[in-house]
Number of protein chains: 2
Amino acid sequence: MATIKDLAKLAGVSVTTVSRVLNDHPYVSKEKRKLVLEAIEQTKYEKNVNAVHLKTGRTQLVGVVLPFSDHPYFAQLLKGIAKQAFKHNYKLVLIQTDYQEKREKEALHMLRQKQIDALIICSRSCDLDLITSYTLYGPIVVCEKVHGDKLSSAYIDHYQAFQSALAYLYETGHQKIGYSVSRLDGTSSKERAAAYRDFLAAKELPCRLDYVFDKMLYFEDGETMVTQLKQMEDPPSALIITNDQVAAGVMTCAGRVGINIPEKLAIIGFDDHPMAQMMGISSMHIPLEEMGEHLFKQALGKESKDKVFHATLIKRETV
Amino acid sequence: MATIKDLAKLAGVSVTTVSRVLNDHPYVSKEKRKLVLEAIEQTKYEKNVNAVHLKTGRTQLVGVVLPFSDHPYFAQLLKGIAKQAFKHNYKLVLIQTDYQEKREKEALHMLRQKQIDALIICSRSCDLDLITSYTLYGPIVVCEKVHGDKLSSAYIDHYQAFQSALAYLYETGHQKIGYSVSRLDGTSSKERAAAYRDFLAAKELPCRLDYVFDKMLYFEDGETMVTQLKQMEDPPSALIITNDQVAAGVMTCAGRVGINIPEKLAIIGFDDHPMAQMMGISSMHIPLEEMGEHLFKQALGKESKDKVFHATLIKRETV
DNA sequence: TTACTTGCTGAAAACGATATCAGGTCAAGT
DNA sequence: ACTTGACCTGATATCGTTTTCAGCAAGTAA
């Protein structure tokens, strides 16, 4: 494979000149530029980017940490990220963690090793301080509220989102409201829990721990949830559900066991996925793709350090 | 940031020795190894992998080309690929193409530039010959039957899969069978079309072009399909559907417009996604994750050049 | 005239690792 | 005593670029 040296020899110029042609530097005479271009053509020369990476210290690669890529939530986020990455001529390195800390650390390590120029962490299980300590090696963006100015962040105000969903259900007459999350110890779940607690306190409603459903993430989890609901003596009359997939699952199963929606059970999903639209599921719209785009721009340092996105309630037929 | 030279100076040894320690070469005395390790500890040294890449000519990176990462089919495939990648200490570079040739070419280009060690193409729109020509620069694996020995491939026998679905429907009394695909000019669609044509010919059934539905890929496309069915004077009595998502969409909408499944319309999905299981949709099981794992192993040259996977019919309640 | 810019050129020094090679010691085998 | 081979060491070349720097010619300003 031809190198820049071969080109130089072939064109009868120095490697510097070749490099200049390759990088569109202005100070090259027309004649020499032509010679070099011909040599490139002739040898079918291609840059060895690894040499460039070494020399420049950048790789045009951004790491994206996410627990699973097979979930619509992250897939949509990824779509936004990918869109901007493409626009800025960056490539993405996917780091699927399954929430294993070990793998998240691997991603941080890649940043330190200069294999990636920046890191976007869509959801974490690692300690935030640990992550922050790696900002020394490159920009890191996370999807949650952070204190301090080392990390950038773009995130949904889950507290606010949950509050408005709760308020809406309360307005429509519901007092026995439950909710589900994908993992109780996740950052967004904690915010949701806080909103829930504050809401109950404000309305002087009792706190029912059995109204909180954990590990609800996929469409098929909706079935589990319906089964559990069916077994309850005093089930909730309304549910704010992890996301639209689970909500769709609940909706699909509920009818089969005689739980009519919304009469017997009102539901609100999250994300406002096309699926929710089609099935008429009320949902909290989240600008996921937009958020993804923002995340990438932040990774490149082209955007403010901190950005909050707000969810908006889309009323359909399930409340 | 410390380099191998700094370590050498600090430990009072040569860079060669440091390199040997770093790479677990046996010929290093206990004392020197200890000195080097201490220096590493002290300086918090971290390898610059870009230098390694340049020197070794490999990057431990494999490119994965797929049209969309937000579809369960590809997400599952990706999961298998990621599993093996992790096992072999490789990272994946995601190249989302949206079926734009331009982007596929970019992926090929990365291989040529040595930014990735191998390329896995899950679905393409580029010309196969063009792709083949890039095998000169590294292993390429595709998901379809190929002739020649340049490319590796792992794929589903869609012809056989479609045949068995058709046979099953025919056995259960259906003569008016239609089907849907995601894009008519895709490789797998052509195989399906061939199976369909051959089946109709064998059974001496008429060919109905309006029984073929294009651009059906997502859950919400099921709604479009039901709308179209509803408008037909002589609709099919059975459908073999692109995948389980679309099938679920059809199932969800069909009831609303009075199309009972399976009485008025029998359906068979593809992929045997958990969703199909939950909703009781008959489906062609495809070992997607396994196939993904195989793809990766092929990319590393650790597996045969050619591997066919077979789909198996899972009978549930929609036929 | 001097001095200073602008345009162009190439030699050589990086970047930070690994690989090659030559040379050393020391014990075992003949 | 002499070879052989295992073990250990480090100088130096190398991977393929970009960057720095020095230099030259020609034009312009003072």
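Lettering of chains follows the sequences in order, A, B, ..., and the numbering in each one begins at 1. Being a predicted model, the structure only gives us computed values, none of them experimental.
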- Less than 6.0 Å separating the ring centroids of B:Tyr27 and B:His25? yes
- Message: At 10 degrees resolution, what angle do the end axes of the helix from C:dT1-D:dA30 to C:dT30-D:dA1 form when each is taken over five base pairs?
- Response: 50°
- Query: Does B:Lys114 NZ have over 12 foreign heavy atoms under 6.0 Å away?
  - Reply: no
- Message: According to side-chain hydrogen bond (donor to acceptor under 3.5 Å, both in side chains), who are the partners of A:Thr17, at least two apart in sequence or on a separate chain?
- Response: A:Ser14
- Selection: residues 40-58 of chain A, any non-hydrogen atom under 4.0 Å of DNA chain C: A:Leu54, A:Lys55
- Message: Please determine whether side-chain hydrogen bond (donor to acceptor under 3.5 Å, both in side chains) holds for the pair B:Asp6 and B:Tyr45, giving the CA-CA distance in whole Å, both sets of side-chain angles, and the decisive distance to 0.1 Å.
- Response: CA-CA 9 Å; B:Asp6 301 330; B:Tyr45 167 80; over 6 Å; no
- In this structure, NE2 of A:His147 is separated from CG of A:Leu128 (nearest 0.5 Å) by 6.0 Å
- Message: Suppose we screen for salt bridge (charged side-chain N to carboxylate O under 4.0 Å, His left out). Which residues come up paired with A:Glu303, at least two apart in sequence or across chains?
- Response: A:Lys297
- Message: If you assign B:Gly12 and B:Lys114 each to the DNA chain D nucleotide with the nearest heavy atom, which residue ends up on the more 5' nucleotide?
- Response: B:Gly12
- Query: Which ones in residues 17-34 of chain A lie close to DNA chain C, meaning a heavy atom under 4.0 Å from one of its atoms?
  - Reply: A:Thr17, A:Arg20, A:Pro26, A:Tyr27, A:Val28, A:Ser29, A:Lys32
- Query: For A:Ser133, what residues pass the side-chain hydrogen bond (donor to acceptor under 3.5 Å, both in side chains) criterion, not counting sequence neighbours?
  - Reply: none
- Item | Heavy-atom pair of closest approach, residues A:Ile81 and A:Gly292 | CG1-O, 3.4 Å
- Message: Going by the rule ring pair (Phe, Tyr, Trp, His ring centres under 6.0 Å), which residues pair with A:His294 if we only count those two or more places apart in sequence or in a different chain?
- Response: A:Phe309
- Applying side-chain hydrogen bond (donor to acceptor under 3.5 Å, both in side chains), name anything that partners A:Arg103, two or more places apart in sequence or on another chain. none
- Give B:Thr3 one of three labels, base, sugar-phosphate or nothing, depending on what nucleic acid heavy atoms sit under 4.0 Å from its own. sugar-phosphate
- Task: Identify, with sequence neighbours excluded, every residue that meets side-chain hydrogen bond (donor to acceptor under 3.5 Å, both in side chains) alongside A:Tyr73.
- Result: none
- Query: Residues two or more places apart in sequence or in another chain: which of them pass ring pair (Phe, Tyr, Trp, His ring centres under 6.0 Å) with B:Tyr155?
  - Reply: none
- Would you kindly give the CG-to-P distance between B:Asp6 and C:dC15, to the nearest whole Å? 10 Å
- Item | Integer-rounded Å distance: C:dG16 C1' and A:Gln115 CD | 15 Å
- Under a 4.0 Å heavy-atom criterion, DNA chain D is touched by chain A from D:dG16 to D:dT20
- ring pair (Phe, Tyr, Trp, His ring centres under 6.0 Å) with A:Tyr137: which residues, sequence neighbours excluded? A:Tyr134
